Amino acid sequence: MKAVVVEQYAPIDQIGLREIPTPEPGLGQIRVRVHAASIGFVDGLKVEGRYQTKDALPFTPGAEFAGVVDAVAGDVAGIAPGMRVMGAARSGALAEHIVVPPDAVEIMPDGLSMEAAAAFRTNYLTALYALGERGSLKAGEQLLVLGAAGGTGIAAIQVGKLLGARIVAAASTEEKRNFAASFGADAVVDYTKPDWRDALKDATGGHGADVIFDPVGGEVSLQAFRSIAWNGRHVVVGFAAGSIPALPFNLPLLKGGLLIGVDAAQIARREPEAQARVMTQLSAWLNDGRLTPVVGKVFAFDDFRAAFTTMQTRAALGKMVVRIGS
C-alpha cells in the first residue's frame, strides 16, 4: 500500500510517499481502507519531532481518518467488513490502510461525507470537552474564541452555539473573521490591532468573556485573559502561535479567573466517562443534523505536503483533509 512515511524527523517537504506492506489485523483489531484523513497542528509537530512525545521511527503520521472496514480479526464482534467508519489513532492515518482496535472507530452517520467524517473527531471532542466539561459554559454566557477560523476554532463556535452561548470570534484577517461569522459567530474582532481589547469590550457590552477558548497562545492569550469576566474560565487547548505565554499570577487573583488546560490526547485514558459523555452528545448532534463538521480545503494524496504547509502557515480555514481513496 501507499503511505506517508517519516524515516527521520524533518520538515514536511523532506517527507515522501512510500510503498510498504499492507498491514494485517491481529487479535482484537480491524483494518480500515482509508478514504480520507485530516491534518492537525499536532501532526505537523510530530513529523518534525517537536511534539511533547515522539513517535518511534519510522512512522506514518495522521491521527484522524474515515473509511470502510475491509478486514476483521476473528475475535472481534459488532464490526464487519463493508461498514463505513470514522476514527482516530495515535498515528498511521495517512495511508491506504490502517489497523486499529474496534473502539478506535464509530459508525458514520448516514449522509456524512468521508471528508467531513475525517475532520470530525479530535476538533469537536476538544471543543465540547473544553467548553462543556471543563469550561462549564452556560447558555447566555459570552464565549471568546481565539484562532476562530481554524479547525478547533470553528468547532468551538459551532459547539458554543449549540450550548446557547453568545460567540465573539477573534481572528487575524477579514477572510477568517467572515468565515467565523458564517458559522455562527455573533461578533468578530481583529486581535492583531493594538486596541482589540476595546473592540472585545464593546462586543461583550462591557462584560468581558465568561469563557475563552484558546488554541493560539503567545501574547494574544495574555491580552485575552486581561479581558476575562469575573469568575471567567480561560481554556488552553494549544499554542498555534508557536510561543507559550507566562501568566502573571496576580491576574487570576484580580479577575477571580481560572486557567484550565485541555489535552484531548489524554481524555480517553484519564477520563473515559467524560469522553463517553462528550462523544454521545456529539453523535446525537450529528445524527439529528444539528452539527455538520466543517471541512477546509481537500488535497489529493500526492499533494499531502501542501495540506501540512497550508496548516502550518496558519492560512487554513477549517481543517485540512487529504483524500486517499474512494
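Just so we're clear, the structure is a prediction, and the values are computed from it rather than from any experiment.
L200 has its side chain within reach of L144: a pair of non-hydrogen atoms, C-beta onward, lies under 4.5 Å apart. Side-chain contact between E106 and S283 is present, with at least one heavy-atom pair separated by less than 4.5 Å. The shortest distance between side-chain heavy atoms of L286 and M86 falls below 4.5 Å. No side-chain heavy atom of L258 sits under 4.5 Å from any side-chain heavy atom of P252. The closest side-chain heavy-atom distance from V294 to Q158 is below 4.5 Å. For the pair F225 and D214, the minimum side-chain heavy-atom distance is 4.5 Å or more. Two residues are said to be in side-chain contact when any heavy atoms from C-beta on lie closer than 4.5 Å; T192 and S172 meet this criterion. Residues Q142 and V168 have side chains in contact (heavy-atom distance under 4.5 Å, counting atoms from C-beta outward).
Side chains of Y129 and E271: a donor-acceptor N/O pair is present below 3.5 angstrom, by distance only. N123 and T152 are not linked by any side-chain donor-acceptor pair at a separation below 3.5 angstrom, with hydrogens and angles left out of the test.
Residues L17 and F65 share a single hydrophobic cluster, defined by chaining ILVMFWY side chains whose heavy atoms lie under 4.5 Å apart. A continuous path of ILVMFWY side-chain contacts below 4.5 Å connects L137 to V278, so both sit in one hydrophobic cluster. Hydrophobic clustering (ILVMFWY, side-chain heavy atoms < 4.5 Å, transitive): W196 and L222 are in one cluster. Hydrophobic clustering of Ile, Leu, Val, Met, Phe, Trp and Tyr side chains at less than 4.5 Å, counting indirect connections, unites L247 with V236. With hydrophobic clusters built from ILVMFWY side chains whose heavy atoms lie under 4.5 angstrom apart, L57 shares a cluster with V4.
The two residues A156 and L131 make their nearest non-hydrogen contact at O-CD1, 3.7 Å. The two atoms that bring A130 and V237 nearest to each other are CB-CG1, 4.2 Å, heavy atoms only. Nearest heavy-atom pair, I157 versus G184, reported as atom, atom and distance to 0.1 Å: CG2-C, 4.1 Å. The shortest heavy-atom contact between S38 and D43 is O-OD2, 3.9 Å. Of all heavy-atom pairs spanning L27 and A73, the tightest one is CA-CB, 4.2 Å. In terms of heavy-atom proximity, A66 sits nearest to A117 at CB-CB, 3.7 Å.
When atom types are taken as modelled, the side chain of S182 and the backbone of F179 share a donor-acceptor pair closer than 3.5 angstrom. E64 places a side-chain N or O within 3.5 Å of a backbone atom of R121 that can act as its donor or acceptor partner. In terms of modelled atom types and a separation under 3.5 Å, the side chain of K255 and the main chain of R226 share a donor-acceptor contact. Without hydrogens or angle criteria, R31 side chain to P23 main chain gives a donor-acceptor distance under 3.5 Å. Listed for the Q29 side chain is a donor-acceptor partner under 3.5 Å among the backbone atoms of G26. Distance alone, capped at 3.5 Å, is enough to place a donor-acceptor pair between the K54 side chain and the G49 backbone. Counting only distance, with no hydrogens or angles, the side chain of R233 and the backbone of S136 share a donor-acceptor pair below 3.5 Å.
Taking CZ of R290 as the reference point, atom CD of Q281 lies at 7.5 Å (rounded to 0.5 Å). Note that the CZ atom of R90 and the CZ atom of F59 stand 9.0 Å from one another [nearest 0.5 Å]. Atoms CG and CG, on L128 and L282 in that order, are 5.0 Å from each other to the nearest 0.5 Å. Interatomic distance, M320 CE to K297 NZ, rounded to the nearest 0.5 Å: 8.5 Å. The distance from atom CE of M114 to atom NE2 of H35, rounded to the nearest 0.5 Å, is 4.5 Å. Atom-to-atom distance recorded for I228:CD1 and Q223:CD is 13.5 Å, nearest 0.5 angstrom.
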Does the pair E7 and R18 meet the rule for a side chain to side chain contact (heavy atoms under 4.5 Å, CB included), with working shown? CA-CA 10 Å; E7 295 174 316; R18 300 284 185 269; 3.7 Å; yes

Report the C-alpha separation of D198 and K193 in whole Å, then their side-chain angles, then the decisive distance to 0.1 Å, and conclude whether the salt bridge (charged side-chain N to carboxylate O under 4.0 Å, His left out) test is met. CA-CA 10 Å; D198 294 332; K193 291 186 175 180; over 6 Å; no

I39 and L94: CA distance, side-chain angles, deciding distance, side chain to side chain contact (heavy atoms under 4.5 Å, CB included) verdict: CA-CA 9 Å; I39 303 298; L94 282 170; 3.6 Å; yes

Taking it one step at a time, do I30 and V99 satisfy side chain to side chain contact (heavy atoms under 4.5 Å, CB included)? CA-CA 6 Å; I30 64 173; V99 168; over 6 Å; no

Given V6 and T60, is the side chain to side chain contact (heavy atoms under 4.5 Å, CB included) satisfied, shown in steps? CA-CA 6 Å; V6 178; T60 292; over 6 Å; no

If you apply the rule side-chain hydrogen bond (donor to acceptor under 3.5 Å, both in side chains), what do you find for N178 with E175, and how did you get there? CA-CA 5 Å; N178 289 340; E175 181 184 23; over 6 Å; no

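The aromatic rings of F120 and Y124 lie parallel to each other, with less than 30° between the two planes, well short of the 60° mark.
Between E141 and R166 there is no salt bridge, since no side-chain N of the basic residue sits under 4.0 Å from a carboxylate O of the acidic one. For K2 and E19, the salt-bridge test fails: no basic side-chain N is under 4.0 Å from an acidic carboxylate O. We find that D110 and R84 are not joined by a salt bridge, their nearest charged nitrogen and carboxylate oxygen being 4.0 Å or further apart. The pair D70-R33 fails the salt-bridge criterion, with no side-chain N (NZ, NE, NH1 or NH2) lying under 4.0 Å from an Asp/Glu carboxylate O.
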